[in-house]
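In each ligand, atom 1 is the first atom listed, and ligand 1 is the first ligand listed.
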Amino acid sequence: MATGDQGAVGERSSPTGRELLGRPELNRDAAFTAAEREQLRLRGLLPWRVVPIQEQVELELEHLRRKGDDLERYIGLAALQERNQTLFYRVLIDHLEELAPIVYTPTVGQACREFSHVVRRPHGLWVTPDDLGHIPDLLRNAAEGDVKLLVVTDNERILGLGDQGAGGMGIPVGKLALYTAGAGIHPSHTLPVSLDCGTDNQELLADPQYLGYPRPRLRGPEYDAFIEAFVEAVLEVFPRALLQWEDFKQHNAIRLLDRYRRRIASFNDDVQGTAAVVLGGILAELRHRGERLSDQRLVFLGAGAAGTGIARMAEAFMAREGTEPPELRRRVMVLDSRGLVFEGREALKDDTLPFMVPAAVLAELGMPAGPRHDLDEVVARVSPTILVGVSGVAGSFTERAVRAMAQGCPAPIIMPLSNPTLNSEATPEEIMRWTDGRAVVATGSPFAPVRVGDRARVVGQANNVFVFPGIGLGAIIARAREVTDGMLLTAAEALSQLVTSDRLKAGAMYPNLQELRSISREIALAVAREARSEGVGQLRTDDALESAADQEMWDPSYLPLA
Ligand code: NAD
């Protein structure tokens, strides 16, 4: 599977002529050679000249760049995917930096919103409450091959856009395109799934063109039974597949992950992938400085799926370095929309309880237990070395807080991660100004480099795509029956080792996106070795894992057919 398209053309029942051109997994458009055209009854169906794939790539790019906006480019790329799969992935891999923001966030968000009006040929599997009792048949029907990876959403928290109903399908489709581009997992081994259990988005329910299940969302025991039936069906039909939970609302995200992660190999990218990518960048920067995570003080602004996930993984890493639990409560502080999370505070959510600052520590820091403690105050008292923004609120890193942080720390690590760009907690340019250019900044959305004196400081992007393809590929080649915390921590560490010293010197914290395939391969091997040593992966030698990775990583090209 390492190279070539599916190569099945020419076999006994394989299509020829017009039918062949209509099959995206086999079609090559004008790249069919003269001999192939002759043999496959394509003569006269294509213009004369045979166009090699590299020229096709350039031509597709020319078409895309000519379009008026990114949503049009998204639609153009979706049409290419439905016409010529090999070419679609070749274009995406060769121009990942330019096209990842179109295939996935931020443009995919707009496509999800307008889904019922822009999508022509929806693909993937749609499961609704009407299908209860038949889900195994639906899975068999939708699979194009041996499914090894499913990305599944219930559409309730699509990016930062809330409940998008059936439009949420854009996310598993886009994410799987990145799994294929980044880790080479062949599209026929993947399945995007929308668990369309209704929507509470009134605008969608009122839209006569709405394509999804036009009822209010299932809730409570009915919702749980729906998810349970789906998981059971996956275990029955694809018992060795990996399931990635995607864009579930925070409470369900964490609850379902905890409920199912030992029953079915699964992970949640919003929670665990985010944690691994953020920790990976921080560890890379600390390695460059020769410092330990346990010696840092971390403040998180935002205690949702992302914030609690990152804080949890950072604490697990510190614990591995030998930090005792009481010390963790001094080193990691979490704020939500009501300020610092501390013992005895009102309106604490279950997911934030592990991060409550004990009364004694609060007193040590000179903060009384009663009132609200906002970011300015927490920074002034705690003097953090690392500040992570996952609040979704633009401008919530105040000038005062950032300046105070820079006073207590020579090179603060500041990560305004909220997406899209306009929601960033501060812009990199502001942060550099407020810290006299001393900060190391990474963001959630892409930002241009910032000039500091005569140097350009690169702004790294903490993009989950640096880890999820590698985690998925690693679990697949290990044939892991579970994705453990250890495997995710290993992914973070592996990523941190892969950021070059040149990137770190430039302030980037993260690699260049164009290196994604080699990064994914290394992360996958590390994850698979960890699965083996924890006893959740099939026992395989390092050599066997390497050749499994090479076999699994599809590199889209046209193999000769005639
Ligand atoms: P969420 O809705 O689960 O959590 C948001 C949290 O922010 C909640 O705890 C809320 O109480 C808190 N909050 C809201 N307003 C606040 C304020 N003014 N001050 C402090 N806290 C406030 O969302 P999530 O899934 O955790 O995502 C949060 C943000 O992180 C999103 O903007 C998302 O785009 C971004 N994110 C980035 C990456 C990445 O860069 N790789 C990954 C995941 C999420």
* Can you say whether the rings of Trp126 and Phe115 are parallel (under 30°), tilted (30 to 60°) or perpendicular (over 60°)? ->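 The arrangement is tilted - the two ring planes meet at 30° to 60°.
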* Asked: Distance from Ser383 atom OG to Met405 atom CE, nearest 0.5 Å?
  ->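 Going from OG on Ser383 over to CE on Met405, the span is 8.5 Å.
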* Working to the nearest 0.5 Å, report the span between CD1 of Ile185 and CG of Leu242. =>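 Going from CD1 on Ile185 over to CG on Leu242, the span is 8.0 Å.
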* To do: Any chance you could lay out the salt bridge (charged side-chain N to carboxylate O under 4.0 Å, His left out) test for Glu346 and Arg338, step after step, and finish with the verdict?
  => CA-CA 9 Å; Glu346 58 174 16; Arg338 292 166 179 254; 3.4 Å; yes
* Under 4.0 Å from ligand 1 - residues by heavy atom, chain and number -> Arg157, Gln250, Thr274, Leu301, Gly302, Ala303, Gly304, Ala305, Ala306, Asp336, Ser337, Val390, Ser391, Gly392, Val393, Leu417, Ser418, Asn419, Gly444, Ala462, Asn464
* Asked: Of Asp270, Asp269, Thr105, which is the lone residue that meets side chain to side chain donor-acceptor pair (under 3.5 Å) with Asn464?
  -> Asp269
* **salt bridge (charged side-chain N to carboxylate O under 4.0 Å, His left out) evaluation trace for Arg312 with Glu315** => CA-CA 5 Å; Arg312 225 169 12 183; Glu315 290 195 1; over 6 Å; no
